[in-house]
Amino acid sequence: MRASPQPTGKPLLDAALGHKQKTPPVWIMRQAGRYLPEYREVRAKAGSFLDLCYTPTLACEVTLQPLRRFDLDAAILFSDILVIPDALGQPVRFAQGEGPVLEPLDAKSVASLSPEKALDHLTPVLETLERIKAALAQEKTLIGFCGAPWTVATYMLGGKGSSDQAAARLFALNEPVAFAALIDILVEVSARYLVAQLRAGADMVQIFESWALNLDETAFRNYVIEPNRRLVARVRELVPDAPITGFPRGAAGMLAEYAEKTGVNVLGLDYATPLAFASQTLPQTLTVQGNLDPLRLVAGGAQMESRAREIVAAFADRPHIFNLGHGIVPQTPIAHVSDLLKVIKG
Ligand code: CP3
């Protein structure tokens, strides 16, 4: 178990470092986004979605928008997990109403990715962090992030989102050498990217393993745990004690093993994770983050408030960061977000 550094005065970072807070600090996954009219306004004038990610003034502005409306304890860098393939020379485009679109990689094209130049392409994202840091109140935590190697690989190999990740799962089985080479590239580039984010002002970083679903235990260990473990270790070689959150969505019965083997400080829980199971199987010193169903926030009212209270009560014995169990959705009424924060913060 890692020794907890001294408290920093930032409640969310302190919870991440293992210091239990009186009321759980809160942020909301995908808190900058289409449910906010002020986001839609900036998004419309930015041009493409990636133009927004690569324009520091605008990306900084949309990062800060949710903190002006709500009493949130953290800002999360506005960017996307798919800037990594884009930076590696596999262009990404976000088609209206379709989500991300890429030209899928094959075994040969893995070798033509350009990891040496990737970080140069991401300089605007680092400038965004510097701007956010300069504008953010002292007690707020600034979160950087990247996608985990497997999750990013599912988009690079499938060319788009899919419900079963079949293209990537088959590629891993049929082309193990090219798959291993791709994961190696993603581990190294993602580690250097997270280190650059920490140096540019991020207080902590989150690794989004959004597609930790649909894997048998052997595949889970090989594609999820081992690359996440290497990524965490590589970041900490360069920034010792870097505070890191892992969010292996769908990990279910593999959650405790994921947390133990990767060494993350914070374990993000999806909303399907039963509260009693989490509190019984996860070590009490591990900080947990989560895990309200985003659709409960859409529906709002008494069901949302009572479930939020159950989540807070279930993790009252350990450091806890309140969050949704996946990203906020565009149809969420803004008033429900304020209602939720009132329940958590009293
Ligand atoms: O406020 C924040 O949380 C910061 C910004 C952020 C975005 N994407 C902005 C975004 C973060 C942290 C992400 C992470 C991300 N991106 C993940 C992991 C989290 C998760 O939800 O599981 C994944 C899988 C992606 C890939 C991605 N980006 C998809 C599948 C899509 C299309 C679906 C959608 O929600 O539209 C995106 C686009 C995207 N990324 C949008 C935003 C605000 C919407 C695009 C728009 O505004 O036009």
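Order of listing sets the numbers, starting from 1, for every ligand and every atom in it. The basis for the numbers below is simple: all heavy atoms, side chains too, and nothing from hydrogens, waters or symmetry mates. This one's a predicted model, so the numbers in the text were calculated from it and none came from an experiment.
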If hydrophobic clusters are built from ILVMFWY residues whose side chains come within less than 4.5 Å, do W211 and L170 share one?
no
So does R131 pair up with E127, basic N to acidic O under 4.0 Å?
yes
N-O pairing of R68 and E38 below 4.0 Å
no
Could you please provide the protein residues found below 4.0 Å of ligand 1 on a heavy-atom basis, arranged by chain and number?
R30, Q31, A32, R34, Y39, R43, F49, I76, L77, F78, S79, D80, I81, F94, G99, P100, F145, Y155, F208, S210, H326
K20: which residues meet the salt bridge (charged side-chain N to carboxylate O under 4.0 Å, His left out) condition with it, sequence neighbours left out?
none
For residues H121 and D86, is any side-chain donor paired with an opposing acceptor at under 3.5 Å?
yes
So how far is it from Q289 CD to F247 CZ, rounded to the nearest 0.5 Å?
8.0 Å
